[in-house]
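Right, one structure below, let's go through it.
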Amino acid sequence: MKPIGHTVIRLEEATSTNTLALENEAYLGDHGLVLLARHQTAGRGRMGHGWVSLPGAQLQFTVVLHPVLPAGEVPVLALVAGLAVAQAMEDVLGLAPALKWPNDVLLDGRKVCGILVESRPGAGGTQRLVVGIGINCQGRAADFPPELRERLTTLAEATGAPVDSEALLQTVLARLETLYQRLAAGGRAEVLAQWRRRAPFAGRRVRFPAADGPREGQPCDLTSEGFLVVQTDDGARHVQVSGELEWLA
Ligand code: BTN
């Protein structure tokens, strides 16, 4: 299997690197391929949201993965992507980001990276994933639309200097490869423990969809599959499989 990042296709502009990878068999068929765009005209976020692209200020790319993993382990890759980004920010910039389930990366409680993982069926029951990663590198939160400014930050703002985004890209890809190999070698518990260490749950609250309508509770654990366990005030524990939940605190 070729290593993640064996080929990086660099585009000046794309609609969305995830969409482009999903719609083009030459890209989607190549495990480890990376599509990077300096600007996206129709960048997409999770839960049907858009992704605001500031040309040249963000690292925006998609990694194609054909995971050779037991089916139950494939969802862990969504968490692994955030972990790889957090590790790379530590390696390259000496930062200590936090992770917010399933895969936001935060600095001082503000989002610095968003991740959108999508899949298409491959041959023989396998999945082909596109892992879209958007990192706010240069500039300041004030460069973004007013409604987003309070909730996000940039690496340049956090470090007080422009960021070497190429070094960051290469380190994210190397970290992703290492974590993927750990998973493939049966290291799921260790990988999830690394993720868990960067995800403080104390004092946090979420609203999640339940059969009888939305409910609120405190995130308290991860299952062995990487799903989020939320405890409601009556002590019941609810497992969240999808990222369709709202963080209240
Ligand atoms: C989110 O936070 O809701 C996820 C944002 C994901 C953005 C990245 S940028 C590269 C890739 N292409 C897209 O259209 N989206 C992802």
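Note that ligands are numbered from 1 as they come in the structure, with each ligand's atoms numbered from 1 the same way.
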Option whose closest heavy atom lies nearest to atom 11 (C) of ligand 1, chosen from Thr17, Val130, Leu20, Asn103: Thr17
Check each of Arg46, Arg44, Met47, Lys100 against atom 3 (O) of ligand 1 and report the one with the nearest heavy atom. Arg46
Ligand 1 and Ser16, any nitrogen or oxygen pair closer than 3.5 angstrom? yes
Atoms in ligand 1 flagged as close to [X], the criterion being non-hydrogen separation under 4.0 Å:
X	answer
Phe61	10 (C)
Gly134	8 (C), 9 (S)
Gly43	14 (O)
Asn18	11 (C), 12 (N)
Gly45	1 (C), 3 (O), 4 (C), 5 (C)

Decide yes or no for [X] and [Y]: does some side-chain heavy atom of the first lie under 4.5 Å from some side-chain heavy atom of the second?
X	Y	value
Lys2	Asp30	yes
Ile135	Val85	yes
Leu93	Val163	yes

Which bit of [X] is near ligand 1, meaning a heavy atom under 4.0 Å away: side chain, backbone, both or neither?
X	answer
Gln40	side chain
Thr19	neither
Gln58	neither

Please say whether more than 12 non-hydrogen atoms of neighbouring residues, nucleotides or ligands are located less than 6.0 Å from CG in Asp234.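 Yes - once you tally the heavy atoms of other residues, nucleotides and ligands closer than 6.0 Å, there are more than 12.
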Tell me which pairs pass side-chain hydrogen bond (donor to acceptor under 3.5 Å, both in side chains) where either residue lies in residues 138-152, with sequence neighbours left out. none
Hey, which of Asp164, Asn136, Leu95 is the one that makes side chain to side chain contact (heavy atoms under 4.5 Å, CB included) with Leu155?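 The residue from Asp164, Asn136, Leu95 that satisfies side chain to side chain contact (heavy atoms under 4.5 Å, CB included) with Leu155 turns out to be Leu95.
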Quick one: which of Thr178, Leu192, Leu179 gives a side chain to side chain contact (heavy atoms under 4.5 Å, CB included) with Val80? Leu179
Between the side chains of Arg110 and Asp104, is the shortest nitrogen-to-carboxylate-oxygen separation below 4.0 Å, so that they form an ion pair?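 No.
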Return the closest protein heavy atom for atom 5 (C) of ligand 1 as residue, atom name and distance. Trp51 CE3, 3.5 Å
closest protein heavy atom to atom 2 (O) of ligand 1 is Lys111 NZ, 2.5 Å
Do His238 side-chain atoms and Phe208 backbone N/O form a donor-acceptor pair below 3.5 Å? no
